[in-house]
Undergrad: 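My questions will all concern the structure given below.
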Protein chains: 2
Amino acid sequence: MPEKPELDFPRPLTTVDVVIFAIRSDALQVLLVQRPRAETEPFPGAWALPGGFVDIAGDRDLEACAARKLKDKTGVVSPYLEQLGSWGSATRDPRGWSATHAYFALLPEHAAGGTLAADAQWFAVEGEKVRPKLAFDHAEILQAAVQRLRSKVEYTSLPAYLMPPEFTLPELQRTFEIVLDRPLEKSAFRTRMLAADLIEPVARMRRGPNRPAQLYRLKKARAPVFFARTFNPPG
Amino acid sequence: MPEKPELDFPRPLTTVDVVIFAIRSDALQVLLVQRPRAETEPFPGAWALPGGFVDIAGDRDLEACAARKLKDKTGVVSPYLEQLGSWGSATRDPRGWSATHAYFALLPEHAAGGTLAADAQWFAVEGEKVRPKLAFDHAEILQAAVQRLRSKVEYTSLPAYLMPPEFTLPELQRTFEIVLDRPLEKSAFRTRMLAADLIEPVARMRRGPNRPAQLYRLKKARAPVFFARTFNPPG
DNA sequence: CGAGTAAGTGTGTCTGAGCAACTAAGCTAG
DNA sequence: CTAGCTTAGTTGCTCAGACACACTTACTCG
């Protein structure tokens with residue numbers, strides 16, 4: 001091939017980061033990894049979102065790269081994975097002009113309980129932040145992810161992806177309440193969830209502490225379903 | 001600084017592309033540029049979205065890069081500009097692994113009528129496509145942009161950014177109808193636009209073909225406003 | 001001067017949110 | 001064994017708001 005001068009442009013560093021959410025201990029949590037302590041690394045020892053450089057040889061595309069990083073840290077292979085956005089600037093990485101493609105993933109609790117990478121740990125999301133100070137601009141990315149999750153919950157049934165394969169309506173409502181951080185009205189919630197047509201009843205029932213409850217599962221058709229209105233808390 | 005071996009990873013090509021929309025001749029149009037005819041270029045002579053490599057030396061961040069490319073092609077400096085997503089894979093560019101950060105912009109008609117770059121031209125959006133076959137995966141990006149625009153129109157008042165500084169309600173409704181490609185109900189449209197609180201009346205009136213109409217303008221506070229429901233066509 | 005057209009307003013209907021009451025089923029403590 | 005507590009799920013009522021349609025007003029043009 002003839003020479004292509006514009007390819008000699010200096011290229012930005014290209015990374016992919018994944019904001020991995022799960023409900024654990026009745027709280028919204030996010031998975032973070034600790035950066036290596038080597039002095040040659042930026043932000044040594046700091047907590048950061050799981051991510052890293054795109055592997056030109058191994059990654060077919062950006063989403064495959066995000067899925068790989070998720071699998072490396074959690075072992076989970078096919079969760080809900082959605083592109084969040086990209087952040088790129090001259091200053092966000094001390095090593096030079098860099099751009100990251102951010103994804104966010106929703107894991108059911110049972111999957112989140114599996115074997116974790118040694119450097120990974122779950123942290124509770126408090127407001128739109130997390131306790132430790134994050135490396136790079138990852139606090140900003142996390143904030144965007146939480147906002148996106150909360151805003152999509154208002155008009156889709158995304159949190160169903162945080163549930164185990166079979167769940168009861170009260171359990172699903174509890175998950176919505178944890179994500180939204182506000183109480184929801186039982187009757188309206190039921191009406192809307194059934195109208196959304198994203199979940200279907202399973203024949204079996206679950207024996208709860210008081211009485212058996214109907215089990216539901218996610219329907220195969222995974223189109224996000226939009227609600228007509230937002231619900232409001234009682235009182 | 002000590003050596004940082006991971007920085008020797010081969011880096012993907014990094015570009016920014018902008019999907020620029022405007023209403024022209026009563027239709028939704030998008031700005032395309034023709035790729036150079038040199039045989040050394042990929043897709044010589046084909047139409048493509050305006051875009052190109054990130055300039056590490058000149059661009060502060062991705063959005064500044066997108067704004068620069070928009071200004072280069074249209075002369076417009078501060079339109080509505082929103083990140084759309086990113087597309088990256090080993091195969092989308094014949095020159096190698098590449099990732100593009102896509103933005104979409106909304107231009108008012110009067111701004112879109114200004115001086116265009118020599119290689120740029122407006123094309124009507126038909127469905128979610130455009131007549132000429134596009135270079136790279138730009139058809140896919142364009143499709144995503146149209147879908148995003150249409151879906152956001154359902155619950156925000158984005159199309160107001162396609163209007164001149166002052167406009168009448170029927171003109172605004174016409175713009176909504178062009179973007180959504182379906183008729184809207186006059187009364188409901190009025191109620192919702194006023195409730196959205198994104199536009200405010202101007203003292204003056206415009207003389208129309210039959211009677212003078214109230215002029216409105218965009219409010220300074222540019223927060224996107226969400227509607228409770230979608231409107232439906234009459235009949 | 002009358003018909004046509006477009007801007008803007010009024011109105012009845014219907015859906016769904018919010019709230020509370022109520023039933024039913026199982027657990028638990030005495 | 002039983003009474004009372006807890007929770008799943010249902011029902012009914014009220015109210016607000018959005019929608020569809022129809023009406024009024026005002027201007028133009030022939």
Side-chain angles (χ1 to χ4, degrees), chain A residues 26 153-157 160 163-164 166-178 180 182-217 225-235, chain B residues 26 153-157 160 163-164 166-178 180 182-217 225-235:
Chain A
D26 231 36
V153 168
E154 296 283 354
Y155 55 96
T156 70
S157 35
M163 306 301 293
E166 296 188 347
F167 49 86
T168 67
L169 264 186
E171 286 166 357
L172 182 61
Q173 179 174 350
R174 180 72 194 126
T175 297
F176 270 72
E177 290 174 340
I178 290 170
L180 287 174
R182 72 165 201 251
L184 298 176
E185 211 284 317
K186 181 173 54 163
S187 180
F189 180 81
R190 175 188 177 81
T191 307
R192 286 180 50 166
M193 278 315 300
L194 296 184
D197 202 39
L198 239 208
I199 61 173
E200 59 187 357
V202 177
R204 300 185 300 109
M205 309 276 272
R206 168 175 303 168
R207 309 222 132 244
N210 281 301
R211 91 174 224 177
Q214 177 62 53
L215 284 176
Y216 293 85
R217 63 162 168 252
V225 174
F226 289 76
F227 296 121
R229 298 199 193 179
T230 61
F231 16 45
N232 287 313
Chain B
D26 230 36
V153 167
E154 297 283 355
Y155 55 96
T156 70
S157 36
M163 306 302 294
E166 296 188 346
F167 49 85
T168 67
L169 263 185
E171 287 166 357
L172 182 61
Q173 180 174 350
R174 180 72 193 127
T175 298
F176 270 71
E177 291 174 337
I178 290 170
L180 287 174
R182 73 165 199 253
L184 298 177
E185 214 285 315
K186 182 173 52 166
S187 181
F189 180 81
R190 175 189 175 82
T191 307
R192 287 180 48 165
M193 278 316 301
L194 297 184
D197 202 40
L198 238 207
I199 61 174
E200 59 188 355
V202 177
R204 299 186 300 109
M205 309 274 272
R206 168 177 301 168
R207 310 221 131 245
N210 280 303
R211 92 179 224 173
Q214 177 62 53
L215 284 176
Y216 293 85
R217 65 163 167 250
V225 174
F226 288 76
F227 296 121
R229 298 199 193 180
T230 61
F231 13 48
N232 288 314

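Please read these numbers as outputs of a predicted model, since none were measured by experiment. All chains are named by letter (A, B, ...) in the order of the sequence lines, taking the proteins before the strands, and each is independently numbered beginning at 1.
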Undergrad: Of B:Asn210 and A:Pro212, whose nearest nucleotide on DNA chain C comes first from the 5' end?
TA: B:Asn210
Undergrad: If I take atom CE in residue A:Met205 and atom C1' in nucleotide C:dG26, what distance separates them, rounded to the nearest angstrom?
TA: 12 Å
Undergrad: Could you check how far CZ of B:Arg207 sits from P of D:dC29, rounded to whole Å?
TA: 12 Å
Undergrad: Whole Å only: how far is the CG atom of A:Leu194 from the C1' atom of C:dT15?
TA: 17 Å
Undergrad: Write down the distance between CE (B:Met193) and P (D:dA18), rounded to a whole number of angstrom.
TA: 14 Å
Undergrad: How close or far is atom C1' of D:dG17 from atom CD of B:Glu185, stated in whole angstroms?
TA: 15 Å
Undergrad: Nearest whole angstrom, please: distance from the C1' of C:dG8 to the CD of B:Gln214.
TA: 11 Å
Undergrad: Is there a donor and acceptor pair closer than 3.5 Å between the side chain of B:Arg211 and the base of C:dA6?
TA: no
Undergrad: Hey, are the side chains of A:Met193 and A:Tyr216 touching, using non-hydrogen atoms and a 4.5 Å cut-off?
TA: no
Undergrad: Nearest whole angstrom, please: distance from the C1' of C:dT9 to the CD of B:Gln173.
TA: 15 Å
Undergrad: Looking only at the side chain of B:Lys186 (C-beta and beyond, no hydrogens), which of the listed nucleotides C:dG8, D:dG9, D:dC19 gets closest?
TA: C:dG8
Undergrad: From B:Lys186 NZ over to B:Gln173 CD, what is the distance, rounded to the nearest 0.5 angstrom?
TA: 8.0 Å
Undergrad: Taking the nucleotide of DNA chain C with the closest heavy atom to each, which residue, B:Tyr216 or A:Ser187, is nearer the 5' end?
TA: B:Tyr216
Undergrad: I'd like to check B:Arg182 versus B:Glu177 (side-chain heavy atoms, cut-off strictly below 4.5 Å). Are they in contact?
TA: no
Undergrad: In this structure, how many angstroms lie between the P atom of C:dG18 and the CZ atom of A:Arg192, rounded?
TA: 8 Å
Undergrad: Can you tell me how far the CD atom of B:Gln214 sits from the CZ atom of B:Arg206, to the nearest 0.5 Å?
TA: 11.0 Å
